[in-house]
Amino acid sequence: MAEQTTTTTPPSPSSDKNSKKKVRLGIMSTAAVTRHILGVIAALNNNSQNDDSSRHDAFVTVAAVSSRDAVKASEFAAKHNIPRSYGSHEELLADPDVDAVYITMPNHVHSEWIIRSIAAGKHVLCEKPMVLSSEEAARVHEAHSHYCALHGRTLIVMEAVMSLYTPQTRQLENLLSSGSLGQLQYLRGSFQYNMTRNSFRSSSTKEGGGSLWDVGCYPIYLARYLLKQEPVSCSGTAVWSSDDHETNYDATFSGTLTFPGGVALHIDSSLVTPFGTASFELHGTKGSAILSNPFKPSSSADGIVVNVVDQETGKLSTTFLSSSPTAAALSTTTLDATNPYHGELRRFCDLVVMVSSNSSTEEVVVCSTNPQFALGQAQCMEALLQSARSGNTVALSGGFEGSSSKL
Ligand SMILES: NC(=O)C1=CN([C@@H]2O[C@H](COP(=O)(O)OP(=O)(O)OC[C@H]3O[C@@H](n4cnc5c(N)ncnc54)[C@H](OP(=O)(O)O)[C@@H]3O)[C@@H](O)[C@H]2O)C=CC1
Ligand SMILES: O=C1OC[C@@H](O)[C@H](O)[C@H]1O
């Protein structure tokens with residue numbers, strides 16, 4: 001467990017020429033996943049140079065990068081035009097000109113570095129999964145509450161789940177609140193691919209390896225986010241990578257989570273299918289919504305097919321929610337085709353600026369970035385793995401106090 005330290009002068013986001021706040025981000029590690037956020041930031045910078053409208057203002061800048069290896073850090077910094085590089089994460093945390101960190105290390109060290117970052121007074125965007133157990137979740141929660149109370153300052157700690165920040169997800173929220181699908185009956189989510197490179201993903205499940213932690217988590221995040229509820233029980237089945245319980249991981253996972261009122265979520269995930277697939281479906285008493293690329297939409301054609309049966313005439317109508325102009329045969333509603341990593345980064349930076357300027361923190365309490373959201377997720381993941389190991393259905397306590405109402 002990291003020692004807690006205190007900061008004397010909390011950093012505050014810098015201002016550009018138009019007095020717009022820019023969050024100064026420090027990237028922790030040279031992981032492959034950083035390419036998504038770096039791509040968004042490069043595009044933002046490019047746009048703001050070529051476009052005077054505030055629509056394209058760069059709201060974030062990468063101030064520094066750290067790695068366990070100073071040479072790697074400096075090469076990464078040179079490649080991506082990052083002003084400062086450090087050969088240790090401690091040095092980055094001591095940089096007063098870093099407001100927030102982006103934690104991209106392997107899963108088993110996330111909670112340690114979140115806690116160290118909080119103690120250094122930094123806002124945190126941490127790659128999923130933020131934590132690997134309820135115990136880690138509770139430690140992060142305690143460190144966060146302790147820091148905020150001691151310093152009278154709100155720190156944002158957000159789990160980087162890009163799927164929650166897409167236009168498709170906004171559209172699903174609208175569909176559910178409109179009631180057009182009727183009473184929800186069940187949801188189904190799937191994410192599989194062929195893991196071709198060696199990584200922490202083939203470490204034991206205790207260390208965050210396996211398909212459930214890597215990709216099976218996405219339909220669970222999305223369902224909890226949309227339903228605004230925590231499941232009450234679950235069961236899971238895995239195809240294990242070996243017979244050694246200490247070191248094996250789930251190469252493939254299938255599970256069912258039951259929410260209050262009996263709504264079921266079926267999930268499956270795999271690291272060993274020959275090609276990648278992903279889908280998410282919601283089925284209600286009046287209709288269904290089917291997404292072909294729900295977690296990481298990448299093109300304008302990644303939309304939602306909504307089938308609704310008219311209760312009086314029995315007639316089925318199909319709508320395709322998409323930004324694709326080729327969907328002319330169906331009744332088409334346009335979605336804004338935004339990069340999911342842009343939505344995620346924008347949300348994080350808006351929250352950092354909001355709490356740094358001491359404006360209302362009410363939104364922080366009710367948004368999906370509340371640390372409670374990660375706590376509820378940790379309970380689901382632990383319970384599913386426990387069920388797959390034991391062969392029993394596992395009861396869930398409904399999440400941490402207030403987690404579902406604060407999504
Ligand atoms: N949201 C998304 O779309 C995606 C999210 N992810 C998440 O991002 C994270 C990183 O995944 P990925 O990019 O594939 O990872 P990589 O394997 O590419 O990189 C992880 C980095 O962490 C550092 N590292 C490696 N081992 C250790 C260790 N034992 N302790 C501390 N640091 C270590 C290394 O950086 P260095 O040598 O510089 O220290 C390494 O480059 C994971 O949590 C994953 O779940 C991954 C892919 C997509
Ligand atoms: O989080 C993730 O999402 C996309 C996958 O390709 C990747 O392996 C995983 O870590």
Side-chain angles (χ1 to χ4, degrees), residues 2 26-40 64-77 79-80 82 85-92 101-114 116-117 124-132 136 158-166 189-205 207-222 249 251 253 269-273 275-278 280 293-298 339-345 347-348 374 377 381:
I27 298 185
M28 293 171 88
S29 109
T30 57
V33 69
T34 58
R35 71 186 184 281
H36 298 300
I37 293 289
L38 286 167
V40 166
V65 60
S66 58
S67 164
R68 295 162 305 163
D69 176 335
V71 174
K72 234 171 134 182
S74 111
E75 285 171 2
F76 188 91
K79 183 172 170 195
H80 298 288
I82 300 172
S85 69
Y86 299 112
S88 75
H89 303 310
E90 285 86 349
E91 288 171 84
L92 182 134
V101 294
Y102 176 37
I103 296 178
T104 64
M105 294 163 237
N107 301 342
H108 72 285
V109 294
H110 285 180
S111 69
E112 175 194 343
W113 284 104
I114 295 171
R116 293 174 85 150
S117 305
V124 177
L125 176 65
C126 180
E127 262 312 327
K128 43 59 64 180
M130 221 167 92
V131 289
L132 294 178
E136 280 190 8
M158 172 168 155
E159 190 168 24
V161 185
M162 70 298 185
S163 318
L164 305 183
Y165 304 95
T166 65
S190 178
F191 199 162
Q192 299 132 354
Y193 71 106
N194 188 6
M195 180 176 63
T196 48
R197 71 180 171 115
N198 267 341
S199 77
F200 62 87
R201 293 170 182 85
S202 41
S203 60
S204 75
T205 52
E207 295 203 298
S211 78
L212 183 66
W213 285 120
D214 197 39
V215 284
C217 56
Y218 282 104
I220 303 174
Y221 285 117
L222 189 53
Y249 62 90
F253 199 96
S269 56
S270 182
L271 300 176
V272 293
T273 53
F275 52 86
T277 61
F280 192 75
N293 190 5
F295 309 117
K296 210 173 160 181
S298 58
N339 179 324
Y341 300 95
H342 175 264
E344 169 187 287
L345 192 60
R347 182 81 176 122
F348 176 68
Q377 181 81 8
M381 303 292 278

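Remember, it's 1-based here, ligands and their atoms both numbered in the order they're listed. This chain uses plain numbering: 1 for the first residue, then up along the sequence. All values reported here derive from a predicted model rather than from experimental measurement.
- Residue contacts with ligand 1 for Arg197 involve side-chain atoms from C-beta outward but no N, CA, C or O (heavy atoms, distance under 4.0 Å).
- For Tyr341, the heavy-atom gap to ligand 1 drops under 4.0 angstrom.
- In the vicinity of Ser67, heavy-atom distances shorter than 4.0 Å reach the ligand 1 atoms 36 (P), 37 (O), 38 (O), 39 (O).
- Neither the backbone nor the side chain of Glu127 has a heavy atom within less than 4.0 Å of ligand 2.
- Heavy atoms of Glu127 found under 4.0 angstrom from ligand 1 belong exclusively to the side chain.
- Heavy-atom separations between Arg201 and ligand 2 include at least one value shorter than 4.0 Å.
- Scanning the protein for heavy atoms near atom 5 (C) of ligand 2, the closest one is Val215 CG1, 4.0 Å.
- Within the 4.0 Å heavy-atom cutoff, Tyr218 counts among the residues contacting ligand 2.
- Listed by chain and number, the residues in a ring-ring contact (aromatic ring centres under 6.0 Å, His included) with Tyr193 amount to none (sequence neighbours excluded).
- With a 4.0 Å cut-off on non-hydrogen atoms, Thr30 touches ligand 1 through its backbone as well as its side chain.
- Near Lys128, with a cut-off below 4.0 Å to any heavy atom, the atoms of ligand 1 are 5 (C), 7 (C), 43 (O), 44 (C), 45 (O).
- The closest approach between Tyr218 and ligand 1 falls below 4.0 Å for a heavy atom of the residue.
- Interface atoms of ligand 2 facing Tyr193, defined by a heavy-atom separation under 4.0 Å, are 8 (O).
- Here the heavy atom of the protein found nearest to atom 10 (O) of ligand 2 is Asp214 OD1, 2.6 Å.
- Per-residue contacts place His110 under 4.0 angstrom from the following atoms of ligand 1 (heavy atoms of the residue considered): 43 (O).
- Residue-ligand proximity, Arg201 to ligand 1, at heavy-atom distances under 4.0 Å covers atoms 11 (O), 12 (P), 14 (O), 46 (C), 47 (C).
- Contact check on Lys79 versus Glu75 returns no salt bridge, with no Lys/Arg side-chain nitrogen under 4.0 Å from an Asp/Glu carboxylate oxygen.
- Using a 4.0 Å cutoff on heavy atoms, Asp69 does not count as a contact of ligand 1.
- For ligand 2, the atoms sitting less than 4.0 Å from at least one non-hydrogen atom of Lys128 are 1 (O), 2 (C), 9 (C), 10 (O), numbered in the order shown with element in parentheses.
- Interface of Met162 with ligand 1, defined as ligand atoms under 4.0 Å from a residue heavy atom, comprises 1 (N), 3 (O).
- Between Phe200 and ligand 1 there is a heavy-atom distance shorter than 4.0 Å.
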